[in-house]
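Here the structure comes first, spelled out in structure tokens, and everything after it is commentary.
Whatever order the structure lists ligands and atoms in, that order sets their numbers, starting from 1.
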Amino acid sequence: MDFSRIKDWNNFKTRPFLISGPCSAETEEQMQTTCQQLAQSGKVNVLRAGIWKPRTRPNAFEGVGKEALTWLKQAGIDNNLPVATEVANAQHVEACLKAGIDILWIGARTTVNPFSVQEVADSLKGVDIPILVKNPVNPDLQLWIGALERIHQAGVTKLGAIHRGFSSFQKTAYRNVPKWEIPIELKATFPEIDIICDPSHIAGNRSLLATVAQKAMDLEMTGLMIESHINPDEAWSDAKQQINPESLNELIGNLTIRSTEASSFETSSELTAFRKIIDEIDESLIQTLVSRMALSEKIGQYKLDNNVTILQIKRWEEIKKTRMEHGHSEGLNNEFVKNLLQLIHKESIRQQTDVMNKSVTVG
Ligand code: PEP
Ligand code: MN
């Protein structure tokens with residue numbers, strides 16, 4: 001889809017564009033105090049709070065609901081800041097618009113469901129406030145793009161994306177693995193869409209927040225959404241990942257914001273020289289892959305003629321072992337070499353399968 005009608009929605013060109021506030025609005029007082037302290041720092045651009053909370057398991061705190069919208073709006077008025085919350089259906093949208101909420105976002109558990117996204121999109125017809133779409137819980141770029149398209153198709157021109165990481169069955173250091181390549185690909189495909197990183201839901205704990213936030217800034221993301229609570233340990237949801245306004249202020253103050261302006265840097269002769277060498281190396285990498293794949297085809301033919309299976313597990317194990325040992329001894333990251341080999345092997349198998357299949361169609 002053509003996102004060329006997208007307008008700037010944040011009106012704010014200094015990074016990070018910062019959205020902060022508690023995971024959930026709990027009480028009127030909690031909202032007042034947290035938001036006042038956040039606003040005092042002068043670093044927060046938008047106040048956030050969850051009103052309806054999508055919880056993984058039943059019987060957890062599911063948000064105060066509609067009543068808390070007035071607390072959020074009031075905090076915005078008191079501190080002269082726009083306010084944002086999550087919507088998952090048409091009733092949420094209607095209640096938010098009625099309460100004068102300035103920015104809405106679609107949560108990760110909603111983005112996965114095209115029916116829900118379409119329902120939200122339909123309820124946004126004729127509405128001109130910014131809408132931010134979080135990535136779906138699963139690492140599916142097309143699903144994320146599809147949700148952005150549905151909202152855009154409804155006529156929303158102030159559109160942004162939020163990267164909050166992807167859930168995984170395996171235990172990792174993150175609550176939701178960042179898979180940075182996915183938001184990078186989104187940005188490369190649709191440069192007009194601003195991306196906000198949500199380190200809170202990626203990290204899932206306080207200790208990783210700063211590293212994730214720094215990485216997002218180094219990847220040229222527009223902003224950050226970080227959960228903050230006056231008393232994080234006592235929070236009714238996501239207690240482990242929330243920080244108090246003072247710590248947030250410190251975290252933001254400690255970020256190194258590097259220039260995204262490439263102009264003078266792009267033309268420096270040192271960089272040009274490095275890039276020239278990289279171009280040549282990449283060229284020879286491609287040539288090497290071409291030669292390797294040409295051999296895969298020959299091997300496919302040999303296996304076909306001799307009636308042996310494409311996959312030879314022992315040989316594959318040996319390839320992995322020797323190449324990884326070699327890579328390691330040369331200082332390459334093990335995981336990187338493994339992933340690269342897996343990609344090459346997958347393509348090699350695909351080529352050999354083609355050879356086998358052709359013989360079936362022809363013969
Ligand atoms: C949230 O922002 O509080 C939230 C529920 O996030 P996500 O949709 O990313 O899980
Ligand atoms: Mn949360």
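Comparing Arg164, Glu86, Arg55, Lys134 against atom 6 (O) of ligand 1, the shortest heavy-atom distance belongs to Lys134.
More than 12 heavy-atom neighbours from other residues, nucleotides or ligands sit within 6.0 angstrom of CD on Glu317. Atom CD of Gln312 is surrounded by more than 12 heavy atoms from other residues, nucleotides or ligands within 6.0 Å. Atom NZ of Lys179 is surrounded by 12 or fewer heavy atoms from other residues, nucleotides or ligands within 6.0 Å. Summarising the local packing, CD of Glu192 is surrounded by more than 12 heavy atoms from other residues, nucleotides or ligands at distances under 6.0 Å.
For ligand 1 and Lys53, the ligand atoms under 4.0 Å from any heavy atom of the residue are 1 (C), 3 (O), 5 (C). Under a 4.0 Å criterion applied to the non-hydrogen atoms of Trp105, ligand 1 contributes the atoms 2 (O). Within ligand 1, the atoms closer than 4.0 Å to a non-hydrogen atom of Gly107 are 8 (O), numbered from 1 in the order shown. Counting the atoms of ligand 1 from 1 in the order shown, those under 4.0 Å from a heavy atom of Arg48 are 1 (C), 2 (O), 3 (O). Residue contact check: Glu227 has heavy atoms under 4.0 Å from atoms 1 (C), 3 (O) of ligand 1.
Taking the six-membered ring where the residue is Trp, His152 and Phe3 present tilted rings, their angle falling between 30° and 60°. The aromatic rings of Phe17 and Trp9 stand perpendicular to each other, their planes meeting at an angle above 60°, with 30° marking the opposite boundary.
Nearest heavy-atom pair, Leu143 versus Pro114, reported as atom, atom and distance to 0.1 Å: CD1-CG, 4.4 Å.
In summary, the side chains of Arg206 and Gln241 do not present any donor paired with an acceptor at a separation below 3.5 Å, with no hydrogens or angles considered. At a cut-off of 3.5 Å, with distance as the only test, no side-chain donor of Gln37 or Thr34 sits close to an acceptor on the other residue. Side-chain atoms of Glu227 and His201 form a donor-acceptor pair, as typed in the model, at a separation below 3.5 Å. Remark: the Glu234 side chain and the His229 side chain contain no N/O donor-acceptor pair separated by less than 3.5 Å.
Residue Ala108 places at least one N or O, backbone or side chain, under 3.5 Å from an N or O of ligand 1. Residue Asp238 has no nitrogen or oxygen atom sitting less than 3.5 Å from a nitrogen or oxygen atom of ligand 1, judged on distance alone.
Atom 4 (C) of ligand 1 has its closest protein heavy atom at His201 NE2, 3.5 Å.
With a 4.0 Å cut-off on non-hydrogen atoms, Met225 does not touch ligand 1 at all.
Screening the protein for N, O or S atoms under 2.8 Å from the Mn ion (ligand 2) yields 4; no waters enter the count.
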